[in-house]
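Here the structure comes first, spelled out in structure tokens, and everything after it is commentary.
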Amino acid sequence: MSDLDLRKIRVEKLEQLKKENIDPYPNIYKATHEAKTVTDNFSDLENKKVKVAGRLMLMRMQGKAGFCHIKDSTGMIQIYVRLDFVGEEKLKLFKTLDMGDIIGVEGEVFKTRTEEITIKVLDFQLLSKSLLPLPEKWHGLSDIEARYRQRYLDLIMNDDIKESFKIRSRAVQFMRNFLQEKGFLEVETPMMQSVYGGAYAEPFMTHHNALDMDLYLRIAPELYLKRLIVGGFGKVFELNRNFRNEGISTRHNPEFTMLELYQAYADYNDMMEICEDLICSLVKEVKGSLKIDYQDVTLDFKRPWKRITFLDAVKEYCGVDFSKIEKTPDVKKAAEKAGVKVSAKMTKWEIINEVFEEKVEENLIQPTFILDYPKELSPLAKGKPGNSELVERFEPYIAGREVGNAFSELNDPVEQKLRFEEQVKKRKEGNMEAHPMDHDFVTALEYGMPPTGGLGIGVDRIIMILVNTASIRDTILFPQLRRKDDK
RNA sequence: GGGCCGCUAGCUCAAUUGGUUAGAGCAACGGACUCUUAAUCCGUAGGUUCGGGGUUCGAUUCCCUGGCGGCUCACCA
């Protein structure tokens, strides 16, 4: 039977209901209890009247009586409908109901012979007629594409995905509370920017008609948050969406959630402390332990996490000590010898970074801080004293993936301007991910920004670990998909 | 964007080397059934096999092309 036929039958039922003056979509129903509160408080509620509302998920009718399960936001509960209790009219009406219909039931709480907590229905009301059949009750909805495109069906049928999004909500809430308790002020800065910056990425472009001006969706809030530090806020954070116009993968969605925080009179060591504290507290809160299973490994978040410099990490996993190699051609030779492909126009630090990505990242399973990155690749970070080529920057890695980025913020306006100019030069050479010049940001720095530490954490990637999924799509309710024409 | 894999009834899945009229369970419809648990039993109906083209006496199956998805590589930091 095609879905149109199935729908037609239900539409006819709908018409019939209207003929009988039954509103299939009444405005309100006041339930007194949720499914879980009934099952959790049976001893108090036994033989008492309750009103519960939910979606019909299972029906076992046997002529003049029947058991069904309804599901509300808290879970499932069994209901028992019987001719003796509801009368002939209502039983007839009940039999016309379909799985997926949303009903409100009023009745007494009892236990069946098999000890299942059940509501003996004395009266019920249809609250919303469902016109389309639900997926199969046993296997549910497993088609991955359908689960993303019709997430509502996924949520109705698959309790585990619903649980994942509850965890996500709790985690985000936890991060906000954690930071607010530490004195950080949550702020909101522009998502539509005329100059974008704060990360290496291509932006989405849009246009404001009244101003007749192109705008970019932000790739990061960084430069605005630092303006706020200039303005005198001591601790700020923003937890919201970023947009990057790049490939989609199990680890990338075009819009994703980022936490960025900035603290005046702090440096990257302070950020490391906050990062460790935040993530460990979060893991403990959500998972109840600092040791958790993720895919096929066990992650141990016990503090302190491993700390190793960028160059030492390359040395450890690739066997080459690039700190001892000065000239670009020699760096290139060493990289190629290590089996890393490099192109002719790459600079020394781009090559070493390539080696890091190829050889090191996949090994960083346990929570690890990689410290002291190349200055050339970190145009917003402050230099490391005593080394002209490195900056005070770290990235936390978990399960082989970069989950954040932090540094002692560059607050020297003259140097910042030079760094931007280097970026602009790279752009002209064809690197479209390089930063554009942001004159106003430099101006802000010229008024003076205190020494500041900043930290960014990829929220979706942290959630992936908490809900043990290999795909970022399982942490985003409506992941981006290619448009599919209906009909 | 490249490579590999997938797409069959509303859902979950079958269909022999290319061979009758594409099957089954659930859902639906009709009937029986007043403590069921994926309720059971009897019966009925339901298909653009992702779209288009080709090869063939014959295509769900083979070829070409397009669509969508998954994994992966690239881009991404």
Side-chain angles (χ1 to χ4, degrees), chain A residues 1-10 12-13 56-69 76 78-86 91 95-96 98-100 110-116 118 120 130-150 153-154 156-157 198-202 219-220 242 244-254 256 310 341 350 353-354 356-358 361 370 373-374 377-379 393 395 397 401-405 431-435 456 458 461 470-471 473-474 479-487:
Chain A
M1 200 174 268
S2 77
D3 68 334
L4 277 178
D5 296 333
L6 293 167
R7 186 174 179 278
K8 203 175 147 203
I9 291 164
R10 295 200 184 193
E12 280 162 9
K13 286 184 183 177
L56 270 167
M57 298 300 289
L58 292 167
M59 299 178 83
R60 296 178 293 283
M61 293 307 293
Q62 317 166 51
K64 298 190 181 63
F67 288 90
C68 304
H69 277 90
M76 289 256 238
Q78 181 167 262
I79 62 172
Y80 182 38
V81 183
R82 185 166 147 159
L83 174 64
D84 316 4
F85 306 145
V86 297
L91 185 71
K95 284 182 170 180
T96 69
D98 290 291
M99 282 213 268
F110 78 109
K111 265 189 190 170
T112 62
R113 277 176 207 163
T114 53
E115 295 282 289
E116 179 163 352
T118 302
K120 183 171 90 181
S130 162
L131 298 182
L132 292 171
L134 289 178
E136 207 239 7
K137 61 188 171 188
W138 190 243
H139 300 92
L141 184 70
S142 59
D143 179 71
I144 294 172
E145 183 176 354
R147 293 182 62 183
Y148 295 150
R149 286 193 196 278
Q150 294 183 282
L153 280 182
D154 190 24
I156 290 170
M157 300 309 296
Y200 282 106
E202 284 209 56
I219 56 173
N242 286 349
R244 297 188 185 173
N245 203 342
E246 54 200 32
I248 294 175
S249 77
T250 48
R251 287 169 287 280
H252 299 83
N253 195 62
F256 63 100
F310 178 82
K341 263 197 241 163
E350 282 170 345
N353 189 51
E354 188 68 22
F356 178 84
E357 287 178 357
E358 289 281 319
E361 280 190 348
I370 300 294
Y373 279 72
L377 307 176
S378 316
R393 171 182 174 190
E395 291 196 347
Y397 276 83
R401 291 200 286 267
E402 173 203 350
V403 296
N405 185 15
N431 182 348
M432 290 319 285
E433 286 86 45
H435 292 52
R461 290 187 181 176
S471 173
R473 294 183 201 101
D474 295 327
Q480 194 62 52
L481 296 180
R482 213 180 284 270
R483 173 190 174 146
K484 194 170 185 177
D485 292 331
D486 332 87
K487 292 175 189 175

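Numbers restart at 1 for each chain; the letters A, B, ... are given by sequence-line order, proteins then strands.
If you check U34(B), C76(B), C35(B) against the side chain of E246(A), the one that comes closest is C76(B). Set against C71(B), A39(B), C68(B), the side chain of K137(A) has A39(B) as its closest nucleotide. For D98(A), the side-chain atoms get nearest to C29(B) when compared with the rest of C29(B), U12(B), U36(B). Side-chain atoms of I9(A) lie closest to A28(B) of the nucleotides C75(B), A74(B), A28(B). Listed candidates were U37(B), A27(B), C11(B). Nearest to the side chain of P135(A) is C11(B). You'll find that the side chain of F110(A) is closest to C35(B), out of C35(B), G70(B), C76(B). Taking the side chain of H252(A) as heavy atoms from C-beta on, and the options G69(B), A28(B), C76(B), the nearest nucleotide is C76(B). Distances from the side chain of R482(A) to the nucleotides G1(B), C76(B), A39(B) place G1(B) closest.
T250(A) comes within 4.0 angstrom of the backbone, heavy atoms only, and of no base. Contacts of L58(A) with the nucleic acid, taken as non-hydrogen atoms under 4.0 Å apart, involve only primed sugar atoms and P, OP1 or OP2. Counting any heavy atom pair closer than 4.0 Å across all strands shown, L83(A) reaches a base atom. Counting any heavy atom pair closer than 4.0 Å across all strands shown, N405(A) reaches no nucleic acid atom. Using a 4.0 Å heavy-atom distance criterion, M157(A) is classed as making no nucleic acid contact. Within 4.0 Å (heavy atoms only), Q78(A) reaches at least one base atom of the nucleic acid. Contact annotation for L481(A): backbone-only contact, meaning every heavy-atom pair under 4.0 Å involves sugar-phosphate atoms and none involves a base. Within 4.0 Å of G140(A), counting heavy atoms only, lie sugar-phosphate atoms of the nucleic acid but no base atom.
Below the 3.5 angstrom threshold, one finds a donor paired with an acceptor across the side chain of E116(A) and the base of U37(B). In the interface, the side chain of Q62(A) is not paired with the base of U40(B) through any donor and acceptor atom under 3.5 Å apart.
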Under-3.5 Å N/O pairs linking protein and nucleotides 22-25 of chain B:
none

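Nearest heavy atom pair, residue A201(A) against residue R244(A), reads CB-CD, 3.5 Å.
Contact annotation: K13(A) reaches the phosphate of C29(B) (side-chain N/O to OP1 or OP2, under 4.0 Å). At U12(B), one or more side-chain N or O atoms of S142(A) fall inside 4.0 Å of OP1 or OP2 (strictly under the cut-off). Taking only side-chain nitrogens and oxygens, R82(A) never comes nearer than 4.0 Å to OP1 or OP2 of U34(B). For U36(B), neither phosphate oxygen OP1 nor OP2 lies less than 4.0 angstrom from any side-chain nitrogen or oxygen of R60(A). Residue R473(A) has a polar side-chain atom (N or O) positioned under 4.0 Å from OP1 or OP2 of C71(B). Look at R10(A) and you won't find any side-chain N or O under 4.0 angstrom from OP1 or OP2 of A28(B).
C64(B) and C26(B): their C1' atoms are spaced 38 Å apart (whole Å). Atom C1' of U16(B) sits at a distance of 23 Å from the matching atom of U12(B), rounded to the whole Å. Only the P atoms considered, A22(B) is 11 Å distant from G47(B), to the nearest whole Å.
At whole-Å resolution of the value, NZ in K120(A) and C1' in C35(B) are 13 Å apart. Computed from coordinates, the K64(A) NZ to C33(B) P distance equals 5 Å when rounded to whole Å.
Around NZ of K111(A), the count of heavy atoms belonging to other residues, nucleotides or ligands within 6.0 Å exceeds 12.
Under the 30°/60° scheme for interplanar angles, the aromatic rings of F356(A) and Y373(A) are found to stand perpendicular.
With sequence neighbours excluded, the residues forming a salt bridge (charged side-chain N to carboxylate O under 4.0 Å, His left out) with R149(A) are E145(A), listed by chain and number.
For the residue pair R473(A)/N253(A), the side-chain donor-acceptor check at 3.5 Å is not satisfied.
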